[in-house]
> 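This is the structure I want to talk about, given as structure tokens.
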Amino acid sequence: MMAIKVLVLLLIAFLGQSHQRSQPSDATYYAGVVEHMGAPASITSPRDRTTYISTEFQRIIASDEAKDLDIIVFPEHVTNYKETASFVPHGGQNVTPCYQTDYDLLLIEMSCAARATGIYVVINLIEKEICANGSGSNTYDPCPAQGIRFFNTNVVFDRSGRVISRYRKTHLWRHEYNSRSVLRQPDVSTFATDFGVTFGHFICFDMLFYEPAMVLVRDLNITDIIYPTYWFSELPFLTALQLQEGWSFGNNVNLLAADASDPAGKTTGSGIYAGRLGRLQAEIFAQPTTRLLKARVPKKDRVQQLGDQVEELFTPRLITPRLTGVDTYRDYNVDIFETVLLEPDFLEVSQRLCHGTFCCDFSAKRALTPGDITADLLTYRYRIAAYSGDETTVIRVDRSEQAVCAIIACTNASLLSCGSIFPASGGQVANKHYFAEIKINASFPAAPRGRRLIMPSTLDGSFKPIAVSKFDWSESPAPAAKNPDKETRISLDLIRPQNDLLTFAIWANYYTDLPSTHNLDHMQPTTEGAVVPTPTSGAPSMVWKSLTSLLVLISLIFQF
């Protein structure tokens, strides 16, 4: 049966490779990302579920919709299971699994599909590696008793089906620590293509850390990033598209992001982004969905701007489409921010708000939306917020150092309601006012180790970021990405009216050196190589806050 499948795919390759490939001289390449809902719950066997996904992926790759693509990216965590894990060759081994069949059938079929269609294919899977008798990779965890360890791994196939790159996830998220290994030396994985673009790639939670994500961009000057993810959205700053577009914008790199689709489980949102040019395609779904999103992506060394964008004329609307089918986490960091509740009917506000020595300047203007406001219509309240410090985590897992200036929506006057939306069952939500103008300014401290990313973090009621054509962003000195060792003045201005708004913020990640004390698994280092930051003039208050914290660190060192 497997031989027949391989022959069929090779026949397709012989007859069907007629699509137009991008050339190194072209100003763009053609990319696709797949949001995928995974196998139906009715399929319970790991082997049957993996077979279903392989068939699905092959169908998408071979579809008319994908035939002109240069590269296609599939999401994290929907592909296979430990029971169907595969060995994965390193990119330097020159292996084409399509005709070297000592790999799991999934890897073979993906290799054959890439070869048959002449498309670069990126998948994420569970990889297995033999580690008995001292063999295998250098990981934080010891070799399990069965002699096999497992990784969360990206695999890249070129147009001939050859594996040209492999990346093993560096930053695991909670339950992954129970079953996945982590390399002591993080992977930094890149691959070159025949259309003149070199890509880097990483996975999901990695986006919030310096290694390897920022190493690719800052140290290796990679301009195009591939990003399979299974992202758990968190309001008000870290929903899927919001983070993807903000990270792409802050680094001014192209990003191909493929997310899984389980909106009730907090996971949905895929897109293709062109850095400061904004998103080319991005969608978030209220119901589990499988969808291929495509875009012509401008090469960073060729195109500095897109063509004229068609901008929809603004019309004040009392009721606008909102996305209520997506569950999210709430960011409990907001509870320690310095915040001020704005009056429910404010039309204009101008205020400075400080958290310690870090200050944000806010001004905003609103206008009444035409229409009848009835008592049963719900409306958001708003708070301005400022924060700079290290008493935060990212997605409730790892320590973080953040500096934030934000306007955030709340469902009532309490701070606890900020980072939540009105549920579908609560009734209609009205824009009693629309925002005509917002200005946020702040001086973001230098990063003591030169590690910092400052980005816009915006969101509307449809869970999409505010389009880049609707705001101005300025940095002094510019560019901020090249001057992390200098204090940087950032301005974020809404320049076109906005009917509904959940978040409008400047969000900065200072990539902490403080250790994460997960208590999740021995695989995660807690103190090895950690550097306790020292106070720096003008820097955020990102140091141990009390003698208690210092005693905890000393205790951890002795335990280690």
Side-chain angles (χ1 to χ4, degrees), residues 9-10 12-36 53-76 78-79 96 98 109-125 154-165 190-201 223-229 244 248 253-261 270-274 277 279-283 289-300 302-303 306:
L9 286 170
L10 291 177
I12 293 172
F14 180 74
L15 296 176
Q17 286 192 12
S18 60
H19 68 274
Q20 186 69 39
R21 297 179 177 180
S22 297
Q23 301 298 317
S25 58
D26 292 339
T28 64
Y29 63 91
Y30 201 17
V33 299
V34 178
E35 173 138 343
H36 204 285
I53 288 297
S54 180
T55 302
E56 272 278 282
F57 283 11
Q58 291 175 74
R59 176 188 63 79
I60 293 169
I61 295 168
S63 67
D64 285 344
E65 193 178 7
K67 67 181 181 180
D68 291 328
L69 294 177
D70 293 299
I71 188 166
I72 189 169
V73 183
F74 290 90
E76 180 194 21
V78 301
T79 311
T96 304
C98 187
E109 291 178 339
M110 292 298 97
S111 170
C112 291
R115 176 174 173 167
T117 57
I119 299 172
Y120 286 86
V121 173
V122 184
I123 65 170
N124 172 274
L125 51 65
N154 287 344
V155 186
V156 183
F157 305 91
D158 70 6
R159 297 191 197 271
S160 68
R162 180 168 58 97
V163 174
I164 57 171
S165 187
T190 65
F191 62 95
T193 63
D194 62 7
F195 50 90
V197 174
T198 296
F199 289 90
H201 56 121
T223 59
D224 293 73
I225 300 294
I226 286 170
Y227 181 57
T229 184
Q244 291 165 18
S248 171
V253 297
N254 294 329
L255 177 69
L256 314 183
D259 201 355
S261 192
S270 304
I272 302 174
Y273 310 87
L277 302 179
R279 61 181 176 268
L280 306 175
Q281 282 284 350
E283 294 292 341
T289 301
T290 294
R291 183 77 56 83
L292 171 62
L293 306 177
K294 304 183 294 181
R296 286 278 176 189
V297 183
K299 296 178 182 177
K300 283 296 180 182
R302 299 296 177 87
V303 179
L306 296 176

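Just so it is clear, the structure is predicted and the values come from calculations on it, not from any experiment. Atom set for the values below is all heavy atoms of this structure, side chains included, hydrogens, waters and symmetry mates excluded.
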> Run through V121, V33, N154, T79 and flag the one making a side-chain contact (heavy atoms from CB on, under 4.5 Å) with F74.
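Testing each of V121, V33, N154, T79 against F74, the sole residue satisfying side-chain contact (heavy atoms from CB on, under 4.5 Å) is V121.
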> Using a strict 4.0 Å threshold on nitrogen-to-oxygen distance, state whether R159 and D194 make a salt bridge.
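Yes.
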> Could you tell me which residues satisfy salt bridge (charged side-chain N to carboxylate O under 4.0 Å, His left out) with E35, sequence neighbours excluded, listed by chain and number?
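In terms of salt bridge (charged side-chain N to carboxylate O under 4.0 Å, His left out), with neighbours along the sequence ignored, E35 is linked to no residue.
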> According to side chain to side chain contact (heavy atoms under 4.5 Å, CB included), who are the partners of T190, at least two apart in sequence or on a separate chain?
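T190 satisfies side chain to side chain contact (heavy atoms under 4.5 Å, CB included) with T198, L216, L220, I222 once adjacent residues are dropped.
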> I'd like to check the salt bridge (charged side-chain N to carboxylate O under 4.0 Å, His left out) partners of D26; sequence neighbours left out, ordered by chain and number.
none
> If the condition is ring-ring contact (aromatic ring centres under 6.0 Å, His included), which residues does Y227 pass it with, not counting sequence neighbours?
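Partners of Y227 under the ring-ring contact (aromatic ring centres under 6.0 Å, His included) test: F202.
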> Using a distance-only test with no angle check, is there a side-chain donor-acceptor pair under 3.5 angstrom linking S22 and D70?
yes
> If we ignore hydrogens and angles and just use 3.5 Å, is the side chain of N254 paired with the main-chain N or O of P298 as donor and acceptor?
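At least one qualifying donor-acceptor pair exists.
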> Please check this pair: side chain of T290 against backbone of H36, looking for a donor-acceptor N/O pair closer than 3.5 Å.
no
> What pairs with D158 under salt bridge (charged side-chain N to carboxylate O under 4.0 Å, His left out), at least two apart in sequence or on another chain?
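Counting only residues at least two positions away or on another chain, D158 forms a salt bridge (charged side-chain N to carboxylate O under 4.0 Å, His left out) with R162.
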> Would you check if there is a donor-acceptor pair between the side chains of S248 and Q244 at a distance under 3.5 Å?
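No, because no side-chain N or O of Q244 sits under 3.5 Å from a partner of the opposite role on S248.
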> Pick one: which of T28, I71, L280 meets side-chain contact (heavy atoms from CB on, under 4.5 Å) with V297?
L280
> Can you give me the closest heavy-atom contact between I225 and F199, atom names plus distance?
N-CD2, 4.4 Å
> Taking the six-membered ring of Y273 as reference, does the cationic atom of R279 (NZ for Lys, CZ for Arg) lie under 6.0 Å from its centre and within 45° of its axis?
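No, R279 and Y273 do not form such a contact.
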> Considering residues at least two apart in sequence or located in another chain, which fulfil the ring-ring contact (aromatic ring centres under 6.0 Å, His included) criterion with Y120?
F195
> Measure the acute angle between the ring planes of F191 and H201, then classify it against the limits of 30° and 60° as parallel, tilted or perpendicular.
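Plane angle over 60°, so perpendicular.
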